There are 2 protein chains.
Amino acid sequence: MNEHPLIARRSLATELTGRLRDMIVEGTLKAGDKISEPDLCALFGVSRTPLRESLKVLAAEGLVELTPNRGAKVARIAPEAVEELFPIMGMLEALAGELACTRLTESDLARLETMHAEMVGHWQRGEWVPYSRLNRAIHEEIFRIAGNATLAALYQSLMVRIHAVRFVARKTPERWAEAVEDHERMMTALRARDGAALSALMREHLRHKADVVHEALTQNLI
Amino acid sequence: MNEHPLIARRSLATELTGRLRDMIVEGTLKAGDKISEPDLCALFGVSRTPLRESLKVLAAEGLVELTPNRGAKVARIAPEAVEELFPIMGMLEALAGELACTRLTESDLARLETMHAEMVGHWQRGEWVPYSRLNRAIHEEIFRIAGNATLAALYQSLMVRIHAVRFVARKTPERWAEAVEDHERMMTALRARDGAALSALMREHLRHKADVVHEALTQNLI
DNA sequence: GACTTGAATTTTGCATTCATTATTCATTTT
DNA sequence: AAAATGAATAATGAATGCAAAATTCAAGTC
């Protein structure tokens with residue numbers, strides 16, 4: 001059925017919003033950077049109208065700061081804001097875990113087991129980048145299994161806001177081991193389909209993550 | 001100090017965003033309504049540029065649906081989306097309650113006691129509108145006490161999304177009594193500064209609220 | 001009479017233009 | 001020389017203009 005999917009048509013503003021969001025998240029545009037409308041217009045070859053529309057959207061998302069008559073800057077996330085976000089994200093992860101337990105199929109579990117094993121392998125070999133990627137993928141998979149699209153989208157949007165601290169969060173060996181240990185416990189709870197336990201574990205896992213970031217933020221400022 | 005506060009300057013787009021959001025939340029613009037750019041421009045006496053910017057922002061907030069080349073409609077919230085939102089809001093309320101318990105001062109508690117007593121009075125006299133207003137105020141107060149601005153803002157933005165169901169949620173006498181009972185228990189937990197208990201209660205309270213809405217949605221469609 | 005077809009009209013997306021507000025930089029003043 | 005003033009320049013905010021797309025509606029076909 002529906003062999004010919006709708007031809008996706010995006011407005012320039014929508015396209016720009018995505019590209020700029022990527023540039024901010026990937027660090028091409030750094031926190032605090034002034035965003036010059038003329039420069040970006042030249043870069044993308046569009047006029048100011050769609051660019052300004054997308055800047056307004058990014059401002060609503062909290063990625064850009066708009067000051068009247070003074071233009072746009074890439075939002076500089078305050079350490080306090082990060083510390084406010086982590087408990088929230090912890091709760092969302094907890095909910096995701098709880099829901100995931102109620103809907104988990106055998107194939108879901110098998111997939112998670114594979115991903116988990118692979119992630120642990122990367123940890124054992126000290127491969128930070130692929131470890132991070134799988135870590136992220138596992139969390140996303142749990143949200144997918146949870147089956148609450150609004151929840152997943154909300155988590156995603158909060159995750160984007162703290163993009164700046166991703167690089168800061170270089171874990172010490174102890175912290176890294178702690179994170180892997182958290183994941184081991186999470187897998188145990190998943191196998192038992194113990195929603196309450198998984199929920200609590202995921203919240204604790206996020207609390208640990210918050211600690212890591214807090215340490216990084218208080219030691220060497222970004 | 002600072003007798004002359006900064007003169008707040010808002011762009012037309014910002015002003016429009018606020019006004020349109022109010023119109024949608026208050027029901028002046030109803031869910032599913034087509035939003036005609038020329039009409040609204042005439043209504044507010046502005047050109048299309050700032051109006052379009054504000055529509056883009058409202059679309060990002062989920063209040064408006066924009067279809068390429070086909071204009072804007074007031075977003076029609078799907079029952080599934082409502083059911084996805086309630087567990088999320090429940091978690092956020094739970095977090096707010098937990099945090100509030102750790103920061104609650106005597107004067108905070110006194111204020112909540114007053115509000116609660118007044119709200120119960122309205123319930124006893126069957127005064128729905130002032131009851132609702134105080135109910136809302138109490139929840140907002142708990143978020144204020146929690147001291148996490150990001151959390152409060154997030155809750156607020158989700159609350160706005162389900163504006164449409166506010167009117168549906170005409171409680172039956174039993175449901176109304178249940179809600180008041182929930183609030184009684186919440187006050188008890190607050191007095192004892194029992195964060196875990198309050199957290200659980202607030203989540204349950206939201207679950208009840210979700211039930212009321214679910215009943216309304218399945219019986220008579222909006 | 002219901003269903004197409006296609007021109008006329010309206011609406012939308014984007015570029016351009018104009019007015020207003022910042023910013024920069026040279027000049028003057030202390 | 002440092003600070004203050006003001007002209008020149010650049011950037012932003014908003015309106016207008018224009019091309020492309022969608023909608024409307026009347027005429028034609030089955």
Side-chain angles (χ1 to χ4, degrees), chain A residues 4-24 28-76, chain B residues 4-24 28-76:
Chain A
H4 304 285
L6 295 176
I7 296 172
R9 286 189 295 181
R10 323 181 66 194
S11 65
L12 281 184
T14 310
E15 180 71 27
L16 281 171
T17 305
R19 296 236 202 155
L20 288 174
R21 192 189 292 115
D22 288 348
M23 287 174 75
I24 294 173
T28 313
L29 289 170
K30 290 180 190 63
D33 278 4
K34 171 104 177 59
I35 296 177
S36 154
E37 291 182 14
D39 287 1
L40 277 183
C41 286
L43 179 63
F44 290 116
V46 299
S47 78
R48 285 173 54 221
T49 308
L51 176 67
R52 298 184 97 257
E53 289 176 356
S54 82
L55 286 177
K56 280 275 192 319
V57 170
L58 291 171
E61 287 180 15
L63 282 177
V64 158
E65 270 172 45
L66 242 39
T67 318
N69 298 317
R70 229 169 280 191
K73 281 174 191 286
V74 178
R76 186 188 286 288
Chain B
H4 304 285
L6 295 177
I7 296 171
R9 285 187 295 183
R10 321 179 67 192
S11 65
L12 281 183
T14 311
E15 180 71 26
L16 282 171
T17 305
R19 297 233 202 159
L20 288 174
R21 192 189 291 115
D22 288 348
M23 286 174 77
I24 294 173
T28 313
L29 289 170
K30 290 182 190 62
D33 278 4
K34 172 102 175 61
I35 295 178
S36 155
E37 291 182 15
D39 288 0
L40 277 183
C41 286
L43 178 63
F44 291 117
V46 298
S47 77
R48 286 174 52 223
T49 309
L51 177 66
R52 297 184 98 257
E53 288 175 355
S54 81
L55 286 177
K56 281 272 191 324
V57 170
L58 291 171
E61 288 179 14
L63 282 178
V64 158
E65 269 172 45
L66 276 150
T67 319
N69 297 319
R70 229 169 279 192
K73 281 175 190 283
V74 178
R76 186 188 287 288

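All chains are named by letter (A, B, ...) in the order of the sequence lines, taking the proteins before the strands, and each is independently numbered beginning at 1. FYI, side chains are in, hydrogens and waters are out, and symmetry mates aren't considered; it's all heavy atoms of this structure. Quick caveat, the model's predicted, so the values are computed rather than measured.
- Rounding to whole angstrom units, NZ of residue B:Lys34 and C1' of D:dT23 are separated by 10 Å.
- Between A:Leu16 and A:Pro50, the shortest heavy-atom contact is CD1-C, 3.8 Å.
- Proximity of residues 55-70 of chain A to DNA chain C (heavy atom under 4.0 angstrom from any strand atom) is restricted to A:Asn69, A:Arg70.
- At the heavy-atom level, A:Thr49 lies under 4.0 Å from base atoms of the strands shown.
- Protein atom CG of B:Leu51 is 13 Å distant from nucleotide atom P of C:dT11, rounded to whole Å.
- Taking CD of B:Glu53 as the reference point, atom NZ of A:Lys56 lies at 4.0 Å (rounded to 0.5 Å).
- Considering only residues two or more places apart in sequence or on other chains, B:Ala72 meets the side-chain contact (heavy atoms from CB on, under 4.5 Å) condition with B:Ile35, B:Leu55, B:Val64, B:Leu66.
- Of all heavy-atom pairs between B:Lys34 and B:Gly71, the closest is NZ-CA, 4.2 Å.
- The distance between atom CD of B:Glu53 and atom P of D:dA15, rounded to the nearest whole Å, is 10 Å.
- Atom CE of A:Met23 is separated from atom CG of A:Leu29 by 4.0 Å, given to the nearest 0.5 angstrom.
- The shortest heavy-atom contact between B:Leu51 and B:Glu37 is CD2-O, 3.5 Å.
- Nearest heavy atom pair, residue A:Val74 against residue A:Lys30, reads CB-O, 3.3 Å.
- Residues A:Arg48 and A:Cys41 come closest through the heavy atom pair CG-SG, 3.4 Å.
- Residues passing the side-chain contact (heavy atoms from CB on, under 4.5 Å) test with A:Arg70, sequence neighbours excluded: A:Thr67.
- The interatomic distance linking B:Leu12 (CG) with D:dT12 (P) rounds to 17 Å, in whole Å.
- A:Arg76 pairs by the salt bridge (Lys or Arg N to Asp or Glu O under 4.0 Å) definition with nothing, not counting sequence neighbours.
- The minimum heavy-atom distance between B:Gly62 and B:Ala75, with the atom names listed, is O-CB, 3.4 Å.
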Under 3.5 Å, which protein N or O atoms sit close to an N or O of nucleotides 17-20 of chain C? Give each pair with its distance.
none

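- Less than 4.0 Å separates DNA chain D from at least one heavy atom of each of the following residues of residues 37-47 of chain B: B:Val46, B:Ser47.
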